[in-house]
Amino acid sequence: ERFRFDPAAAYPDGGLSATVFTCPDYTELELMSPFAALQIGQALEFPITWELHRLPAACQTAKDRRMAALDILNAAGSR
């Protein structure tokens, strides 16, 4: 999940732009846009894009899955 982060903007929850919730069954990523004062009739856009990847079948442990996910993220960051 990708979104534009504005380092000069104020974000909710103590300045967080994203929060991760985990449990044994799933992981949830909740994105938050920066605060904005809107007038009646105004709108705010907060575009989010998703990119899904299948991890290699050889990733059997949590450590293996984490390392594979980091490899994917690092490769995407170098684009």
Side-chain angles (χ1 to χ4, degrees):
E1 197 168 15
R2 296 176 192 270
F3 63 102
R4 185 179 310 252
F5 174 75
D6 180 356
Y11 286 83
D13 292 346
L16 298 176
S17 60
T19 302
V20 177
F21 301 95
T22 62
C23 74
D25 297 325
Y26 66 91
T27 299
E28 176 185 344
L29 174 62
E30 182 178 301
L31 302 180
M32 293 172 270
S33 70
F35 286 115
L38 301 176
Q39 300 298 317
I40 294 173
Q42 288 184 311
L44 174 71
E45 288 188 19
F46 187 62
I48 298 170
T49 58
W50 285 72
E51 193 173 307
L52 302 176
H53 297 267
R54 184 176 305 277
L55 296 179
C59 294
Q60 295 298 311
T61 67
K63 183 179 178 181
D64 291 342
R65 291 188 292 271
R66 182 180 186 282
M67 294 306 295
L70 287 172
D71 288 344
I72 293 167
L73 290 172
N74 288 331
S78 65
R79 290 190 232 163

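Computed from heavy atoms alone, side chains included, the values below leave out hydrogens, waters and symmetry copies. Computed from a predicted model, the values in this text were never measured in an experiment.
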Test item: Arg2 side-chain N/O and Trp50 main-chain N/O as donor-acceptor pair under 3.5 Å: no
Quick one: closest heavy-atom pair of Ser33 and Pro12, and the distance? O-CD, 3.5 Å
Under 4.5 Å between side-chain heavy atoms, counting indirect links through other Ile/Leu/Val/Met/Phe/Trp/Tyr residues: same cluster for Leu52 and Leu73 or not? no
Flag if over 12 foreign heavy atoms under 6.0 Å of CZ, Arg66: no
Would you name the heavy atoms of Ala69 and Leu55 that are closest together and state the gap between them? N-CD2, 4.1 Å
Between CD1 of Ile72 and CE of Met67, what distance do you get to the nearest 0.5 Å? 12.0 Å
Hey, any chance Val20 and Phe3 share a hydrophobic cluster, counting ILVMFWY side chains that come within less than 4.5 Å of each other, even indirectly? yes
Distance-only check: which donor-acceptor pairs under 3.5 Å involve side-chain atoms of residues 24-32, not counting sequence neighbours?
none

For the residue pair Phe5 and Tyr11, does the interplanar ring angle fall in the parallel (under 30°), tilted (30 to 60°) or perpendicular (over 60°) class? parallel
Rounded to the nearest 0.5 Å, how far does CD of Glu1 lie from CD of Glu51? 12.0 Å
